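Positions are given from 1, in the same order as the sequence printed here. No hydrogens, no waters, no symmetry mates; every other heavy atom, side chains included, goes into these values. No experiment lies behind these values; they were computed from the predicted model shown.
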Amino acid sequence: MAVISTLFCLLLLISIALALVTQDTVFDIELVHRDSPKSPLYNSTMTPFDRLQAAVVRSVNRASYLDKRIDMKTSIDIELGLSYDDGEFFMGFKIGTPNTQSMLGIVTTGSGLIWANSVGCECFKKNTTTLFNPNASLSYTKLSCLSDECKSFTLAHCNFNIMCQYRAVYGDNSNIDGILSLETFSFTSIGTNQNIVIPNIVFGCNFRSQITLIDDPGSYIGLGPRSPSLIQQLAPKYIRKYFSHCLDMLHDGANSRLFLGRGKQTITGKTMVTPLMTQDGFYAVQLHTISIPGEFNILLTRSKLKAGNIIFDSGTVMTLLDSQVLNQLVRELTDYVSLPIVKTSDYRLCFNVSSTEQEEQLPGVLFSFDGTLGNIKMSPYNLFRWYRPDVKCMGILGTSGIQIFGNIMQEDLLVGYDLDNMELTITEKKCTELYNP
């Protein structure tokens, strides 16, 4: 009788929560940067220079993996974020009922799966991991291999219990195994302090996570364009098929936000709008030119992508441009900026900046994307980062592979993904001004 009563109360609470959710709802969720003291990956011994150098390595490794993934024409969602330690931001969520369990998962626009390590899992590294206990939740359900969700998941197979089991094996002998499942997820909106409860979210419940290269993140939130990503599961039933983020890395990510859905309110500020395309589970756009009007105009012609020519990716720190394009950009900026050049082994273009007056000489650069509203002037803040107390370097790397618009270039801008109209928008708005989207 007690079990029936508990279950009834559970269903009542969920129904009340769902009644509050409309398509105009916006989940305003805090994003925690990996180098923030709130992050499980925080290392207090690292200097700002150490963190920037580590970000360069992660960017190069991630780009190398994305190149291989696109060349192989594969879409192994859960490999992304494991092999190359590419987690840049975490988001908090709760899982299970009636007693919710708090989790902190890596969030990325380059994956289409949600997963969590479970209690009792064979985890290689547990020091940064919060484990989910499915036995403590009345709403947890394993999916059968006969379910539609299982049939559409390429890594899945039937186990001896006819459950939907998945497995991925990596080149370094890391591997991950789990059961595709359903569970109730809860999200707390910072702007309203409202707790939104969503039942039957498809996710991977890992019982083995032998990840050897990095500290196991414990859970993962995919926002990619393919199901069963979080945005595809929430829309259109609960929210509009739209999400946006504002990334703030200057203050340990304290003001970084993820907005799931689009409300009735409008965001003021100059906005760039360009067609949004997808390829192999990534978001891509068409970048035509990089310029300083009246000074130079660099045309982008080559691309490894079939849809667009540059990927927008929140999981890559640095921007990567075709090496020929970067070489031309370096030559043009070297001629344009009258500051002493500093040679480093890590960056193509660095300037000596020893005063505020010199820092003000660093230019903004116009990026022209497809569409009549496709122009956005990237500020010196988005283009250059401190390398030493008196040296600033351009945060763009060269590549012979796919081009990536990284998160330093996206910082302190509201970047929106409209999956109904297939548009990407960039609004010039500081993260501190976006508490009420």
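Annotation for Ser186 and Asn195: closest pair CB-OD1, 3.7 Å, computed over non-hydrogen atoms. Nearest heavy atom pair, residue Ile114 against residue Gly222, reads CG1-N, 4.3 Å. Smallest separation of non-hydrogen atoms from Gly96 and Ser137: CA-OG, 3.3 Å. Scanning both residues, Asp370 and Pro275, for their nearest heavy atoms gives O-CD, 3.5 Å. The two residues Tyr166 and Cys205 have their closest heavy-atom pair at OH-N, 3.3 Å. Nearest heavy-atom pair across Gly398 and Ser323 is C-OG, 3.7 Å.
Aromatic ring pairs are classed by plane angle as parallel below 30°, tilted from 30° to 60° and perpendicular above 60°; the pair Phe369 and Phe405 is perpendicular.
Using a 4.0 Å cut-off between a side-chain N of Lys or Arg and a carboxylate O of Asp or Glu, Arg240 and Asp420 do not qualify as a salt bridge. A salt bridge does not link Asp412 with Lys429: none of the charged nitrogens is closer than 4.0 Å to a carboxylate oxygen.
Looking only at atom types and distance, the side chain of Thr427 has a donor-acceptor partner in the side chain of Thr271 under 3.5 Å away. Inspection of the Asp346 and Tyr387 side chains reveals an N or O donor paired with an N or O acceptor under 3.5 Å. Of the N and O atoms on the side chains of Ser189 and Asp28, not one donor lies less than 3.5 Å from an acceptor on the other residue.
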Working for disulfide bond (SG atoms under 2.5 Å apart), residues Cys246 and Cys431: CA-CA 6 Å; Cys246 198; Cys431 297; 2.3 Å; yes
Worked check of ring pair (Phe, Tyr, Trp, His ring centres under 6.0 Å) between Tyr220 and Trp115: CA-CA 5 Å; Tyr220 202 70; Trp115 59 255; 5.8 Å; yes
Residue pair Leu31, Arg257: steps toward the side chain to side chain contact (heavy atoms under 4.5 Å, CB included) verdict: CA-CA 5 Å; Leu31 292 178; Arg257 295 289 185 269; 5.8 Å; no
Gln286/Met277 under side chain to side chain contact (heavy atoms under 4.5 Å, CB included): CA gap, chis, key distance, verdict: CA-CA 9 Å; Gln286 185 71 29; Met277 294 161 274; 4.2 Å; yes
CA sep, side-chain torsions, deciding dist, call: Tyr283, Leu419, side chain to side chain contact (heavy atoms under 4.5 Å, CB included): CA-CA 10 Å; Tyr283 297 107; Leu419 304 187; 3.6 Å; yes
Residue pair Asp50, Asn43: steps toward the side chain to side chain contact (heavy atoms under 4.5 Å, CB included) verdict: CA-CA 10 Å; Asp50 294 333; Asn43 184 344; over 6 Å; no
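Looking at Phe89 and Glu30, their side chains never come closer than 4.5 Å, going by heavy atoms from C-beta outward. At a threshold of 4.5 Å between non-hydrogen side-chain atoms, the residues Leu223 and Leu260 count as touching. Side-chain contact between Thr141 and Glu183: absent, with no pair of heavy atoms (C-beta onward) separated by less than 4.5 Å. In this structure the side chain of Phe312 reaches within 4.5 angstrom of the side chain of Val415, judged on heavy atoms. Between Val26 and Ile239 there is no side-chain heavy-atom pair separated by less than 4.5 Å. Contact check for Arg208 versus Arg167: side-chain heavy atoms found under the 4.5 Å cut-off. Counting heavy atoms from C-beta on, the side chains of Val353 and Val391 never come closer than 4.5 Å. Side-chain contact between Asn206 and Cys121 is absent, with no heavy-atom pair separated by less than 4.5 Å.
Judged by distance alone, the side chain of Gln403 and the main-chain N or O of Leu320 form no donor-acceptor pair under 3.5 Å.
Here the CG-CD distance, from Asn200 to Glu149, works out to 9.0 Å after rounding to the nearest 0.5 Å. If you take CD on Glu411 and CE on Met378, they are separated by 10.0 Å, rounding to the nearest 0.5 Å. Here Ile426 contributes atom CD1 and Thr274 contributes atom OG1; the two are 9.0 Å apart, rounded to the nearest 0.5 Å. In this structure, CG in Leu234 is found 5.5 Å from CZ in Phe187, a value given to the nearest 0.5 Å. Separation of atoms CZ (Arg348) and CD1 (Ile396) is listed at 11.0 Å; rounding is to 0.5 Å. We find the SG-CG distance between Cys393 and Leu383 to be 12.5 Å, quoted to the nearest 0.5 Å.
For the side-chain contact (heavy atoms from CB on, under 4.5 Å) criterion with Leu321, the lone passing option out of Ile310, Leu397, Thr399 is Ile310. The side-chain contact (heavy atoms from CB on, under 4.5 Å) test with Phe153 singles out one residue from Val202, Leu143, Leu180, and that residue is Leu180. Phe185 pairs with exactly one of Phe132, Tyr238, Phe93 by the ring-ring contact (aromatic ring centres under 6.0 Å, His included) rule, that one being Phe93.
Under the 2.5 Å SG-SG cutoff, Cys164 and Cys158 do not qualify as a close cysteine pair.
Within a 6.0 Å sphere centred on CG of Leu146, heavy atoms belonging to other residues, nucleotides or ligands number more than 12.
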